[in-house]
Amino acid sequence: MSFKATRKETITKKREVIKSGKAWMRWLMIPVALLSVLDIIDKPYRWTGLILLVISVGLFYLLKRSRRLEHDEVNLYIIRDKKETIVPFTSIISIKRSGMKVNGSRPWKIRYEDHIRKKRKIWFFNDFFNKEFHNAVRIGNPKVVIWTHPHFAHAEDNKHNPDYND
């Protein structure tokens with residue numbers, strides 16, 4: 001009986017979160033936008049209400065576009081609102097740390113091929129090295145290039161890549 005339980009656990013692997021999206025925060029911009037509209041109606045000669053309205057609408061749009069990234073043993077899941085894109089580990093080309101810095105942290109860049117063989121990129125901020133995700137990708141796709149440093153590749157990062165020459 002314990003064999004069946006462990007077998008079921010390996011078949012139904014739970015998804016692990018790489019990056020959680022903050023799309024729910026967009027709803028906080030609606031009261032700000034309403035207050036700015038009331039300010040525009042009350043004092044139409046001031047620019048503060050209009051500036052606040054433009055900023056709140058812009059933040060609403062940016063927060064609506066936020067993504068959630070999850071993975072299991074064989075796929076990467078990109079979730080935006082109710083739309084889910086499944087990227088198999090075999091179609092991931094590289095995972096690299098970017099050379100640019102935003103507020104002191106460097107974004108990660110995942111390059112992959114979609115179902116029509118078009119190369120795509122996804123950028124995300126994650127301050128820590130997600131060892132479980134990187135190991136799962138390496139097992140699922142031995143040709144993937146993983147660079148943890150933004151300017152050069154470490155030999156130990158690509159020891160599983162047969163195309164990498166020391």
Y77 vs I86, side-chain contact (heavy atoms from CB on, under 4.5 Å): CA-CA, chis, key distance, verdict:
CA-CA 5 Å; Y77 301 94; I86 300 172; 3.7 Å; yes

Tell me whether [X] shares a hydrophobic cluster with [Y], the cluster being built from Ile, Leu, Val, Met, Phe, Trp, Tyr side chains joined at under 4.5 Å.
X   : Y    : value
V57 : I40  : yes
M29 : V54  : no
V37 : I55  : yes
L62 : L28  : no
I79 : F125 : no

F89 and its side-chain contact (heavy atoms from CB on, under 4.5 Å) partner, picked from V144, V137, I139:
V137

Measure the spacing between [atom1] of [X] and [atom2] of [Y] and express it to the nearest 0.5 Å.
X    : Y    : atom1 : atom2 : result
H134 : H71  : NE2   : NE2   : 9.0 Å
D39  : L34  : CG    : CG    : 12.5 Å
I110 : W123 : CD1   : CH2   : 11.5 Å
R65  : F60  : CZ    : CZ    : 13.5 Å
L76  : I92  : CG    : CD1   : 5.0 Å
K109 : S94  : NZ    : OG    : 7.0 Å

[Y] backbone acceptor or donor facing [X] side chain under 3.5 Å:
X    : Y    : answer
R120 : D114 : no
S56  : L52  : yes
N135 : K131 : yes

Distance-minimising heavy-atom pair for [X] and [Y]:
X    : Y   : result
R80  : K64 : CG-O, 4.4 Å
F133 : I95 : CE2-CD1, 3.7 Å
S66  : L63 : OG-O, 3.1 Å

Between I78 and Y112, does a side-chain contact (heavy atoms from CB on, under 4.5 Å) hold up when you go through it step by step?
CA-CA 12 Å; I78 304 168; Y112 65 94; 3.8 Å; yes

Under 4.5 Å between any side-chain heavy atoms of [X] and [Y], yes or no?
X   : Y    : result
K96 : W108 : no
T85 : R67  : no
L59 : V32  : no

